[in-house]
Amino acid sequence: MTSRLILWALRAPGGLSAVVMACNLSGLAVITTELFLSGFLSRLGSDWMTAFTQVSIYPALGALVGIMLAVRDRRHYFSWLDQRRPPTEREATRLLRLPIAITGRALAIWLPGVFVAAAVFAHATEERSFPVVLSMFTLGGLESAALTYLIVDRLIRPTIPVVAEVLDETAHWSNTVLARVLVTFAVAGAVPLFMLITVLADPSTAAQDRIRTGIYMAIVGLSAGAVATAALARAVATPMHTLRDALDRIAHGDLEARVTINSTSEIGRLEHSVNELAANLSERERMRTVFGRHVGTEVAERALSGSPSLTGDMRVVTALFVDVTGSVAMATELAPHDFVAKLNRLLSIVVAATEDNHGLVNKFEGDAALCIFGAPIALDDNATPALKAARRIRDEVAALGELEVGIGIARGLVFAGDVGTDTRLEFTVIGDAVNEAARLTTEAKKVPRRILASQAVIDAASDSERTQWTLHDTLHLRGRKEPTPGWTDMASPASPHRNGTAPQAAPRPAAPRPAESADQAADR
């Protein structure tokens with residue numbers, strides 16, 4: 001029912017003027033009833049009609065002016081609503097000032113009438129009780145103005161979500177929670193109590209009249225207090241429940257949670273901040289996802305957390321290098337998008353096998369990939385996951401049947417951390433193990449099982465994993481003085497090329513790549 005009345009007051013041409021007049025008439029009714037119960041009207045004598053006629057002139061004129069201004073306000077503040085369009089920034093800012101603007105004008109209209117009524121009524125009585133009548137009308141004017149503020153503030157609340165889409169800041173100094181609490185206190189307690197004090201302090205009022213006036217003012221105070229306090233409590237409690245539910249959803253990972261901004265107080269600012277929080281977290285998660293696709297989830301997590309160890313340290317890691325056999329010929333024979341599609345399917349296998357074994361795909365180098373086990377996240381055993389990942393990559397690539405690869409695995413002490421400048425950083429690993437893995441990859445392309453691992457990797461692997469590998473040959477790798485034992489895995493009944501009948505790839509010239517390979521780095 002209340003919501004329908006509010007919507008009617010917003011949409012009807014005379015809705016705002018009806019609201020304003022009802023507030024002012026309620027204040028006038030309280031004053032008139034109080035004057036009657038206190039016996040003041042009976043003291044006017046036979047000239048009471050003349051006094052009332054004189055006093056009524058100004059309220060009639062004030063009401064006429066108030067109605068005209070309220071109709072003008074309806075067009076001035078809500079023209080965008082009638083035109084069914086969003087408000088401009090200026091119109092939205094103006095709307096936030098509506099409660100204090102109408103309240104201030106109501107006080108300005110009441111002020112002359114207070115003095116006129118007090119002077120006329122005081123002159124018509126023998127006691128000449130000007131201060132008493134002046135106090136009553138002043139307090140009545142304050143009561144009606146405060147009521148006007150609370151009702152108009154509630155009236156514009158349905159428009160605040162639309163205003164919030166135009167303005168980043170929907171709060172206004174006149175609509176703070178403190179202002180609402182103080183106005184509610186005035187309506188509920190302060191003004192009725194001051195009216196009661198005025199009646200009790202009037203020596204011309206009989207004891208019986210004071211009693212019934214006191215009862216009346218107590219009823220007015222309790223009734224107004226109950227309504228105003230309930231409205232204030234609801235205005236605070238309802239959005240707080242909504243905010244709590246939204247924050248619970250965000251805390252549980254629902255970053256699409258949003259709240260509707262329904263307040264022009266600090267609560268509205270809080271609602272706006274919760275929406276900004278959810279949006280920022282959503283953007284951060286999107287950045288984390290995109291960033292993780294480029295540098296790996298672990299590196300992205302550490303970079304976004306601002307870990308001081310991100311600059312790097314020395315780690316013993318296992319490096320796995322994967323390179324495509326015959327990529328130059330395929331790039332010549334296939335259309336670029338077809339070759340890229342094949343390459344992407346290969347790299348998806350590499351990424352899945354590496355991440356499932358707790359490794360990091362550190363970089364893609366053209367048709368090759370460098371995978372690291374043991375950095376940036378340390379592993380108790382980084383050799384066994386690397387060997388498992390190598391066998392899985394080889395088997396799944398062979399099952400796909402589109403490409404041939406060589407896989408080299410080496411282990412050793414490397415620098416794992418950031419290289420670059422303050423404006424551009426890249427997480428990488430630098431050390432002999434990386435170069436050794438790249439050299440082993442070149443030799444692995446000639447091995448039937450397509451995998452070669454260094455002695456250090458086999459020695460560091462678990463017993464169960466080590467039993468699946470056998471020494472293939474002692475190799476003299478380019479750029480290395482000492483011979484390198486090269487190990488390959490043993491064929492199993494379910495393994496491709498299990499009889500060693502796979503065609504060996506012929507040596508091929510180095511494929512041009514967009515980034516410097518580990519071979520080129522070693523040559524330097």
Side-chain angles (χ1 to χ4, degrees), residues 296 298-299 309-323 350 353-355 357-365 368-391 393-394 406-419 426-445 447 450-463 465-466 468-489 515-524:
E298 293 84 0
V299 176
S309 61
L310 191 62
T311 53
D313 51 16
M314 301 302 293
R315 295 275 187 91
V316 175
V317 304
T318 300
L320 184 154
F321 205 87
V322 184
D323 196 8
V350 173
T354 301
E355 293 184 349
N357 286 280
H358 311 293
L360 166 71
V361 180
N362 181 234
K363 64 184 66 179
F364 299 123
E365 297 183 348
L370 173 61
C371 309
I372 304 298
F373 296 82
I377 306 301
L379 300 174
D380 293 336
D381 174 10
N382 55 52
T384 301
L387 294 173
K388 290 181 178 179
R391 290 190 286 110
I393 292 170
R394 188 270 321 281
I407 303 174
I409 316 166
R411 188 172 187 270
L413 184 66
V414 300
F415 169 82
D418 288 336
V419 295
E426 178 182 350
F427 182 86
T428 189
V429 290
I430 300 175
D432 183 61
V434 179
N435 297 328
E436 185 179 11
R439 297 287 186 267
L440 287 171
T441 301
T442 302
E443 297 298 324
K445 296 176 182 179
V447 175
R450 299 295 191 261
I451 303 177
L452 283 177
S454 69
Q455 184 69 50
V457 178
I458 301 300
D459 290 343
S462 64
D463 293 339
E465 181 64 29
R466 194 182 303 127
Q468 302 187 52
W469 295 78
T470 183
L471 180 65
H472 171 71
D473 197 2
T474 300
L475 308 170
H476 292 275
L477 301 179
R478 182 163 56 89
R480 302 178 66 84
K481 297 180 180 179
E482 299 296 328
T484 302
W487 291 68
T488 190
D489 69 323
E516 183 184 44
S517 68
D519 288 354
Q520 293 168 330
D523 288 342
R524 291 188 298 134

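Numbers for residues simply follow the sequence, beginning at 1.
Considering CG of Asp323 and CG of Leu370, their distance stands at 11.5 Å, rounded to 0.5 Å. In this structure, the separation between OG1 on Thr470 and CD1 on Ile458 is 9.5 Å, given to the nearest 0.5 Å. In this structure, OG1 on Thr318 lies 7.5 Å from CG on Leu387, to the nearest 0.5 angstrom. Note that CH2 of Trp487 and CZ of Arg466 are 8.5 Å apart. Values are rounded to the nearest 0.5 Å.
Using a 4.5 Å heavy-atom threshold, the side chains of His358 and Ile377 count as separate. With a 4.5 Å cut-off on side-chain heavy atoms, Gln468 and Lys388 do not count as touching. Side-chain contact check for Arg439 versus Leu475: every heavy-atom pair is 4.5 Å or farther apart. In this structure, Ile409 and Leu452 have side chains that are not in contact, with every pair of non-hydrogen atoms separated by 4.5 Å or more. Side-chain contact between Val429 and Arg315: absent, with no pair of heavy atoms (C-beta onward) separated by less than 4.5 Å.
The shortest heavy-atom contact between Phe373 and Ala386 is CD1-CB, 3.6 Å. Minimum heavy-atom separation, Val317 to Ala375: CG1-CB, 3.9 Å. The two residues Ala353 and Ile393 make their nearest non-hydrogen contact at CB-CG1, 3.6 Å. The two residues Val350 and Val361 come nearest to each other via the heavy atoms O-CG2, 4.4 Å. Nearest heavy atoms, Ile407 versus Ala390: CD1-O, 3.5 Å. Taking both residues in full, the closest heavy atoms of Ala437 and Ala410 are given as N-CB, 3.6 Å, listed atom of the first, atom of the second, then distance.
Checking side-chain atoms of Thr488 against main-chain N and O of Ile451 turns up a donor-acceptor pair under 3.5 Å. Of the possible polar contacts, none joining the Ser462 side chain to the Thr384 backbone as a donor-acceptor pair under 3.5 Å is found.
In summary, the side chains of Arg480 and Asn435 do not present any donor paired with an acceptor at a separation below 3.5 Å, with no hydrogens or angles considered.
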